Amino acid sequence: MSLSKRGLSLLGWLAGLALWFFCSATTSAQSCEASAELSEIAPGVFVRPGRHGMVFETPEIANVGFVIGERCVAVIDTGGSYAEGESLRCAMRNLTTLPVCFVINTHAHPDHILGNLAFKSAQTSFIGHSKLPRAMALRGDVYLARAASSDQGRLTPEHIVAPDRTVENTLELDLGNRTLRVEAHPSAHTDHDLSVVDIETGTLWLGDLVFMRHIPVLDGSLNGWLAVLAKLTAQPAQRVVPGHGPVRAAWPVAADDTVRYLTLLRDETRLWLANGGDLLGAQTQVGYREAPRWLLFDRHHKRNVTAAVNEIEWE
């Protein structure tokens with residue numbers, strides 16, 4: 001029995017539609033073949049480990065990841081490029097089809113936020129410190145320029161995805177029988193740091209409030225950072241995710257190296273200034289006992305000394 005022209009046309013349309021779905025599925029699968037490698041550090045808590053390197057020079061330098069609830073997923077930091085964010089999203093999709101309801105940025109440094117766009121959707125809320133929008137606005141153009149001069153290629157302003165919900169004190173986020181407590185801190189590593197606790201597993205995400213192996217980077221307040229860490233280390237947690245270093249560590253001993261470095265930096269800077277020393281001298285003398293203990297010491301320490309001098313000379 002022969003088919004009418006209309007029937008053939010319908011079959012052709014259906015075949016085309018099937019081909020479109022097949023190609024779309026194939027493309028989606030291919031785009032997720034290069035998904036990030038993850039470590040499950042507690043039930044439903046996944047971290048993409050960072051590597052040691054410099055922003056805009058080395059990819060994937062921050063620890064980023066997500067927590068899966070019964071209703072949805074919360075992503076905690078998204079990496080230093082759209083490609084990193086997409087890789088993290090693909091790795092997540094290999095584990096769950098639940099929607100991403102929250103993206104939490106612990107602070108504005110580019111290795112933690114430039115993957116945000118990969119998660120942008122109508123059902124996703126972006127969470128940050130109350131001072132994060134201002135920090136993004138002030139730094140965004142610099143980040144885009146730096147990215148353009150690196151291997152990342154040209155980024156556009158849409159890659160700087162600011163929070164639509166901000167935190168001044170604390171905020172609880174429900175993922176479905178799983179609660180994250182988000183806390184905003186006074187000026188420390190930056191002036192807009194957040195920490196996140198997964199209450200179910202006692203996992204504490206600290207962003208760059210704690211560094212391990214990678215030298216701490218001071219972009220806020222030296223005294224404030226030590227005060228925040230004193231408060232945090234008095235709180236119990238089963239494990240911590242530092243911003244840089246191993247994907248999990250025991251708490252509070254994970255903060256020991258950061259506290260030791262910052263304390264020495266503060267004390268030696270105070271002594272140097274009390275003895276009439278100047279900034280240039282401080283940059284070559286203060287804190288160098290710490291050099292053997294840290295990766296990237298030569299890339300960050302002088303800048304830390306400069307920030308310490310600028311703060312402590314006004315005490």
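Keep in mind that what you see is a predicted model, and the values were worked out from it rather than measured. Count residues from 1 along the sequence.
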Evaluate the criterion side chain to side chain contact (heavy atoms under 4.5 Å, CB included) for residue pair Glu200 and Val67; output intermediate values, then yes/no.
CA-CA 11 Å; Glu200 180 175 325; Val67 179; over 6 Å; no

Side chain to side chain contact (heavy atoms under 4.5 Å, CB included) between Asp193 and Thr106, intermediate numbers included:
CA-CA 6 Å; Asp193 298 298; Thr106 60; over 6 Å; no

Kindly determine whether Glu268 and Arg289 satisfy salt bridge (Lys or Arg N to Asp or Glu O under 4.0 Å), including the steps that lead there.
CA-CA 11 Å; Glu268 290 198 0; Arg289 280 184 288 162; 2.7 Å; yes

Please evaluate residues Trp272 and Val309 with respect to the criterion side chain to side chain contact (heavy atoms under 4.5 Å, CB included), reporting the C-alpha separation (whole Å), side-chain torsions for both, the decisive distance (0.1 Å), and the verdict.
CA-CA 9 Å; Trp272 182 263; Val309 168; 5.7 Å; no

With side chain to side chain contact (heavy atoms under 4.5 Å, CB included) as the test, would you mind laying out the steps for Arg178 and Arg71 before giving the verdict?
CA-CA 9 Å; Arg178 189 165 206 156; Arg71 180 176 66 86; over 6 Å; no

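Using cut-offs of 30° and 60° for the angle between ring planes, the His107 and His192 rings count as tilted. Between Phe297 and His301, the two ring planes are parallel [angle under 30°; tilted spans 30° to 60°]. Ring pair His214/His52 is tilted by interplanar angle, where 30° to 60° counts as tilted.
Summarising the geometry, atom CG belonging to Asp198 is positioned 11.0 Å from atom CD1 belonging to Ile68; distances are rounded to the nearest 0.5 Å. Here Arg260 contributes atom CZ and Asp257 contributes atom CG; the two are 4.5 Å apart, rounded to the nearest 0.5 Å. In this structure, CG on Leu114 lies 7.5 Å from OG1 on Thr78, to the nearest 0.5 angstrom. Between Asn223 atom CG and Ser187 atom OG the span is 10.0 Å, to the nearest 0.5 Å. Taken from OG1 in Thr258 to NE2 in His244, the straight-line distance is 10.5 Å, to the nearest 0.5 Å. One distance of note links CG of Leu194 with CG of Leu171; it measures 9.0 Å at 0.5 Å rounding.
The main-chain N or O of Thr203 is never found under 3.5 Å from a side-chain atom of Arg248 such that the two would form a donor-acceptor pair. Counting only distance, with no hydrogens or angles, the side chain of His129 and the backbone of Lys131 share a donor-acceptor pair below 3.5 Å. Between the side chain of Thr306 and the main chain of Lys302, a donor-acceptor pair closer than 3.5 Å is present. A side-chain donor-acceptor contact under 3.5 Å links Arg303 to the backbone of Leu218. Side-chain N or O atoms of Arg93 include one that pairs as donor or acceptor with a backbone N or O of Thr96 at under 3.5 Å. Between the side chain of Asn116 and the backbone N or O of Val161, at least one donor-acceptor pair lies under 3.5 Å. No donor-acceptor pair under 3.5 Å is formed between the side chain of Glu172 and the backbone N or O of Thr179. Between the side chain of Asp164 and the main chain of Ser125, no donor-acceptor pair closer than 3.5 Å is present. Between the side chain of Asn63 and the backbone N or O of Gly50 there is at least one donor-acceptor pair closer than 3.5 Å. Without hydrogens or angle criteria, Thr124 side chain to Val100 main chain gives a donor-acceptor distance under 3.5 Å.
The hydrophobic clustering, which links ILVMFWY residues whose side-chain heavy atoms are closer than 4.5 Å, places Val196 and Ile199 apart. At a threshold of 4.5 Å between side-chain heavy atoms, the hydrophobic network of Ile, Leu, Val, Met, Phe, Trp and Tyr places Leu262 and Val259 in one connected group. Linking Ile, Leu, Val, Met, Phe, Trp and Tyr whenever their side-chain heavy atoms come within less than 4.5 Å leaves Phe46 and Leu204 in two separate clusters. A single hydrophobic cluster is seen to contain both Val241 and Ile76, as judged by linkage of ILVMFWY side chains at heavy-atom distances under 4.5 Å, directly or through other members. With hydrophobic clusters built from ILVMFWY side chains whose heavy atoms lie under 4.5 angstrom apart, Ile127 shares a cluster with Leu180.
Environment of CD in Glu37: sparse, with no more than 12 heavy atoms of neighbouring residues, nucleotides or ligands closer than 6.0 Å. Heavy-atom contacts from other residues, nucleotides or ligands closer than 6.0 Å to CZ of Arg51 number more than 12. Around CZ of Arg181, the count of heavy atoms belonging to other residues, nucleotides or ligands within 6.0 Å does not exceed 12.
Side-chain polar atoms of His185 and Ser195 form a donor-acceptor pair below 3.5 angstrom.
A salt bridge is defined here as a Lys NZ or Arg NE, NH1 or NH2 lying under 4.0 Å from an Asp or Glu carboxylate O, and Glu158 with Lys120 fails to meet this definition. Salt bridge status for Arg266 with Glu311: absent, with no side-chain N to carboxylate O gap under 4.0 Å.
Between Ser87 and Ser35 the shortest heavy-atom distance is OG-C, 3.3 Å. For the pair Thr233 and Ala255, the tightest heavy-atom approach, listed with the atom from each and the gap, is CG2-CB, 3.8 Å. The two residues Leu226 and Thr263 have their closest heavy-atom pair at CD2-OG1, 3.6 Å. Nearest heavy-atom pair, Trp225 versus Pro216, reported as atom, atom and distance to 0.1 Å: CH2-CB, 3.8 Å. The shortest non-hydrogen separation linking Trp294 to Arg213 is CE3-O, 3.4 Å. Among all heavy-atom pairs drawn from Pro133 and Thr166, the shortest one is CG-CG2, 4.0 Å.
Two residues are said to be in side-chain contact when any heavy atoms from C-beta on lie closer than 4.5 Å; Val64 and Glu84 fail this criterion. Trp205 has its side chain out of reach of Ile104: every pair of non-hydrogen atoms, C-beta onward, lies at least 4.5 Å apart. Leu98 is not listed as a side-chain neighbour of Leu175, based on a closest heavy-atom distance of 4.5 Å or more. Taking 4.5 Å as the limit, every side-chain heavy atom of Val75 sits out of range of all side-chain heavy atoms of Arg89. Between His300 and Phe211 the shortest side-chain heavy-atom distance does not fall below 4.5 Å. Counting only heavy atoms from C-beta outward, the side chains of Pro186 and Val228 approach each other to under 4.5 Å. At a threshold of 4.5 Å between non-hydrogen side-chain atoms, the residues Met136 and Asn105 count as touching. Proximity of Asn304 to Leu222: side-chain heavy atoms (C-beta onward) are nowhere separated by under 4.5 Å.
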N/O donor to acceptor pairs below 3.5 angstrom from side-chain atoms of residues 137-144, sequence neighbours left out:
residue	atom	partner	partner atom	Å
Arg139	NH1	Asp219	OD2	2.9
Arg139	NH2	Asp219	OD2	2.9
Tyr143	OH	Ala108	O	3.1

